[in-house]
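What follows is a single structure, written as structure tokens, with notes after it.
This one's a predicted model, so the numbers in the text were calculated from it and none came from an experiment. In listed order, ligands and their atoms are each counted from 1.
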Amino acid sequence: MSLADRAPLLEAVGLSKWYGQHHVLREVDFRVHAGESVAVIGENGAGKSTFVKILAGAIRPDKGKLYLSRQSVSFGSPREALRLGIAFIPQELAYAPHLSAAENVVLGQWPSRAGITSRREMLRRAREELERIGLDLDLRRPMAELKLADRQIVEILKALARRARIIILDEPTAALTEAESEALFRVLKQLTAEGVAVIYISHRMDEVFRFSDRVDVLRNGALVASAPTAETDPSELIAHMLGQAAETFESTGIESSDEPPTLVLSHWTLDGVTRLQDVSVEVGKREVVGVFGVRGAGADLLAEGLAGRRPEIRGKVTIDGVTMPVFRNPRAAQRAGISYVPAERKKDGLILGLPIRHNLSLLILHRLARLGVVARGAERTTASTLISQFNIRCRSQHQPVGQLSGGNQQKVLLASRLANRPRVLVLNEPTRGVDIGARLEIHRRLREIAAAGTPILLVTSDVEEAVSVSDRLIILRDGVVVDELVGSRKTQGQALRGATGRASA
Ligand SMILES: Nc1ncnc2c1ncn2[C@@H]1O[C@H](COP(=O)(O)OP(=O)(O)O)[C@@H](O)[C@H]1O
Ligand SMILES: [Mg+2]
């Protein structure tokens with residue numbers, strides 16, 4: 001029996017929502033069956049979050065009906081929806097930070113006898129759910145101390161502990177690393193195998209095709225496509241995301257200037273599995289130039305080459321008119337005025353056991369050092385300036401960096417790389433593993449840094465980041481520059497289309 005013949009677990013008919021005059025959802029129909037996973041995609045502002053929040057009871061529709069197992073339902077709150085088996089995991093997780101993970105899992109649900117809840121019993125109960133999804137995690141630790149990926153897992157456990165039959169996630173992988181995303185999808189896959197329905201918003205095509213049974217595309221508040229994933233392809237989906245409006249966006253490109261570019265990469269070439277073929281890129285004085293490609297396209301090679309970590313690349317670098325070969329080592333790159341923010345901050349960006357203060361001055365010790373000793377006063381002053389400039393949330397500059405959240409660690413890293421006033425800032429996946437709030441702050445800072453005259457080369461495999469932060473976006477596919485997007489062409493759809501090579505529309 002095909003899915004179409006079975007009764008849907010959850011069905012929405014004609015959902016509409018207005019915010020004032022703004023028609024954000026237009027008669028959207030939707031169905032999900034037990035054991036099915038549905039990806040919801042669309043450009044920013046398409047109405048995805050509004051839509052799933054209605055399914056989860058967080059927003060009331062102005063029109064339309066919801067049916068759960070064919071029964072008409074209407075939720076007054078996420079709590080009511082949860083009681084009926086629909087769990088929602090928003091982008092900004094809501095949890096009790098000081099309670100343990102186990103307490104969060106059973107919070108508000110565990111019957112406490114005479115006001116006293118047995119900790120051991122609670123832990124046992126939470127562990128049961130953890131075992132069910134085959135993961136390992138220390139549930140006794142306070143939520144606030146867990147990584148974002150683990151906090152999401154706890155949210156899922158929470159949903160399972162309440163016997164949720166439908167789990168809805170709003171861009172769950174936006175701030176996860178590749179490995180964390182994989183782990184999350186493994187869990188979700190197992191849940192669908194057990195009959196749970198999963199609805200998730202995604203901005204990554206690879207996730208859509210690896211995990212979902214069906215994909216629904218929203219554009220401008222309307223459902224413009226709903227297809228079994230096996231029967232569609234990225235180019236078709238992208239065409240639906242963009243629609244006719246694709247070419248009519250307002251231009252946001254920067255004005256061309258007569259100033260010579262600050263940074264020029266010329267004819268970079270490298271043979272190998274991940275290769276580069278005669279890649280040339282220019283970055284102007286106040287520009288953020290993005291380089292976007294799928295994994296293996298070679299984009300990260302550009303960042304690493306500029307950092308002096310890829311001496312095998314052939315080609316030239318010109319900085320402020322001075323031309324040299326691709327850097328032989330990181331020292332050479334630093335001497336040429338390049339500051340590099342690596343993707344793996346834990347591996348090679350920060351020293352987690354050291355205080356924030358020291359991490360912030362790692363690159364400027366020579367400036368702060370006097371008579372061979374670091375001038376403590378200068379270091380402290382520099383640290384407090386950077387902490388406030390970058391809005392780093394910490395107890396004090398003496399706190400070890402390892403105690404901060406991923407987002408705040410990333411701010412420390414970025415600040416440390418700017419402390420020595422580089423000529424050019426090069427970033428490789430700057431917001432991977434960073435929560436949404438910090439991500440937005442970092443994006444804003446990057447725009448400001450460029451505007452203040454430090455050009456930025458941003459290498460990212462996150463299409464939303466690539467499009468929203470860059471002035472100009474270079475698309476790399478299999479080591480070749482296949483497109484350059486500015487103004488009205490600089491959209492997520494165009495970027496994906498170029499990067500995946502599936503021409504359409
Ligand atoms: N509370 C609100 N008040 C007014 N407008 C809103 C509100 N929430 C969302 N919107 C608008 O509704 C549209 C859809 O938003 P959203 O559902 O968040 O889109 P998406 O998740 O696809 O990016 C956007 O134009 C957004 O600005
Ligand atoms: Mg959204």
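Of all protein heavy atoms, the one closest to atom 12 (O) of ligand 1 is Val24 CG1, 2.6 Å. Protein heavy atom closest to atom 6 (C) of ligand 1, with residue, atom name and distance, is Tyr19 CD1, 3.2 Å.
Here Ser49 meets the criterion, with an N, O or S atom under 2.8 Å of the Mg ion (ligand 2).
The pair Asp170-Lys48 fails the salt-bridge criterion, with no side-chain N (NZ, NE, NH1 or NH2) lying under 4.0 Å from an Asp/Glu carboxylate O. By the 4.0 Å N-to-carboxylate-O rule, Arg125 lies close enough to Glu129 to be salt-bridged with it.
Distance screen at 4.0 Å: atom 3 (N) of ligand 1 has a protein heavy-atom neighbour inside the cut-off. Proximity of atom 26 (C) of ligand 1 to the protein is not indicated, since no non-hydrogen protein atom lies closer than 4.0 angstrom.
Closest heavy-atom contact between Met143 and Arg151: O-CD, 3.5 Å.
Taking CG of Leu413 as the start and CZ of Phe390 as the end, the distance is 10.0 Å to the nearest 0.5 Å.
Aromatic rings from Phe185 and Tyr200 are positioned such that their centres are separated by under 6.0 Å.
At distances below 3.5 Å, at least one donor-acceptor pair connects side-chain atoms of Thr229 with backbone N or O atoms of Arg214.
Both the backbone and the side chain of Thr50 come within 4.0 Å of ligand 1, counting heavy atoms alone.
Close contacts between ligand 1 and Ser49 involve ligand atoms 17 (O), 18 (O), 20 (P), 21 (O) [criterion: under 4.0 Å to a heavy atom].
Nearest to atom 22 (O) of ligand 1 by heavy atom, out of Lys48, Glu464, Glu171, is Lys48.
Both the sub-6.0 Å distance and the 45° axial angle are not jointly satisfied by Arg417 relative to the ring of Tyr340.
At a 3.5 angstrom cut-off on N or O pairs, Gly45 counts as close to ligand 1.
The closest approach between any non-hydrogen atom of Gly47 and ligand 1 is below 4.0 Å.
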